[in-house]
Amino acid sequence: MFTPARYIVLDDEVSELATLVDALHVLGAPCIGIRFDPLDLPKPAHFKGLRVLFSDLHLVKAQPAGVQHYNTLAGLLDRCVPESHGPYLLVLWTSHEHERAALAARLEEILPSSKKPIAVLAIDKVQFRHGAVWDAAGLQEAIEARVGSMPQLQALLNWERDVLAAANETLAVIGGLVPAEQRTVAHYAGALDGVLSHIAVASAGNANARNDRKGAVTAALAPLLSDRIANRPQDADANALWEQAVTFPQGPELQAAQKARMNRMLHLAVSPAEPVSRLDWGAIILLGDDQLSDDAMNARFGVTADNLRDREFKLRLERRTEGHLVVVRAGAACDQAQSQSGPIPLLLGLLVPSTALSQNKRSPAIHVCDEKFELDGYQEPVSLLIHARFSTTTVAQEFQNWPAATLRLREQLLSTILVHVASHAMRPGTLRF
């Protein structure tokens, strides 16, 4: 029910922790305070939404100064920061620049790259505390100045705030569908149930909505949320910030591996980080031995797997065994969403290292995706080829015996492939002399 905190204060002294959290709350920062106890370490679940961590450097007072303090904080970050975490900032309460620099160097040395903060900054909290009273305005200016020194992080934090605001507006729209006379303690929950039920049925059909109620509502609300995120009100300060954050610096072109990693992020859902099912629209299923046997391939496609590799997809002779033949779950999105009965349409394709493709001309029925992908198990970027002429169908009962899907094409690239397939199928034949 509760969203993970984006701002966390870490200290080993309860009094220090409470006053600092109170000061940040005065600024409107939704933060939580965590008391550090070496015998009862913080729970990693508290760090799932971390964007800014305010921490005392000396979390264990009995430790001698120096590297042991750095190792304590490094061990905490290694334990608690999620493996696939986004950017976060570490702010130390210290007036000593040499301590900040030494800690930053130590974190660079021992933390895995996925868990490193994008910057280690320092603020001397003594300057903003007068007895038990905090100078909240001064502290706010100092924090904004430190975060503002990295406009890229500040811009991403503002974008994340916009996403939360768009989600809040979407919820408000849903709540607004409840008639005014039913917005009472006694009737509101039931009326909201009716609204959500109608949305789910409209999205996925009556039977499918009952099988996956959250998925049906999400499918209806996701486009609304996306539209609200993409069309936020113009803000002069935000525009100025983004101009500082995105400057289009001149530099070397992206390497092939970097492009492949970005394409994977943009166009592929990869299990287990994201849920993928065989029946998902755009699911990619690697054909198994049962489907690849000569008898099975001839029965389904009229050709063998070797024939497809040699004559259709045209791999280099010395690399003709590389890659995997796949099928992509196609068809109409609404048929999949509503679990319509009937055969499941599948498109035949090939995932293969890009350098294994020969330079020979291929049939116009074959779509070679311009995007190349980073995939586990491959030492170089991988290409996806889809053959419009070799499609097939199966039924759900048989499909359950096929290999599990571990990849799913996102809608943008999937739509491009489907347009190619449809265009090839609908091309007219013209007589010419």
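- Between the side chain of Arg51 and the backbone N or O of Leu156 there is no donor-acceptor pair closer than 3.5 Å.
- Within the 4.5 Å cutoff, side-chain heavy atoms of Met297 are placed close to those of Leu308.
- In this structure a side-chain-to-backbone donor-acceptor pair under 3.5 Å is present from Arg362 to Phe313.
- Side-chain N or O atoms of Ser415 include one that pairs as donor or acceptor with a backbone N or O of Glu411 at under 3.5 Å.
- Using a cutoff of 4.0 Å between basic side-chain nitrogens and carboxylate oxygens, Asp376 and Arg264 are scored as salt-bridged.
- In this structure a side-chain-to-backbone donor-acceptor pair under 3.5 Å is present from Gln291 to Gly288.
- Here the side chains of Arg106 and His69 are not in contact, with every heavy-atom distance at 4.5 Å or above.
- Side-chain N or O atoms of Arg410 include one that pairs as donor or acceptor with a backbone N or O of Leu268 at under 3.5 Å.
- Contact annotation: the side chain of Leu92 never approaches that of Glu99 to less than 4.5 Å [non-hydrogen atoms, C-beta and beyond].
- Here Glu380 pairs with Arg319 in a salt bridge; the nearest charged N to carboxylate O distance falls below 4.0 Å.
- For the pair Val352 and Leu315, the minimum side-chain heavy-atom distance is below 4.5 Å.
- You'll find the side chain of Leu409 reaches within 4.5 Å of the side chain of Leu384, heavy atoms only.
- Between the side chain of Arg408 and the main chain of Ser277, no donor-acceptor pair closer than 3.5 Å is present.
- Relative ring orientation between His367 and His420 is described as tilted, the plane-to-plane angle lying within the 30° to 60° band.
- Leu107 has its side chain within reach of Leu111: a pair of non-hydrogen atoms, C-beta onward, lies under 4.5 Å apart.
- Although no hydrogens or angles enter the test, the distance criterion places no donor-acceptor pair under 3.5 Å between the side chain of Thr406 and the main chain of Ser271.
- Put simply, the side chain of Trp402 reaches to within 4.5 Å of the side chain of Val327, judged on heavy atoms.
- A donor-acceptor pair under 3.5 Å links the side-chain atoms of Arg278 to the main chain of Pro403, judged by distance alone.
- The backbone N or O of Tyr188 lies less than 3.5 Å from no partner atom in the side chain of Gln182, so there is not a single donor-acceptor pair.
- With a 4.5 Å cut-off on side-chain heavy atoms, Gln379 and Pro353 do not count as touching.
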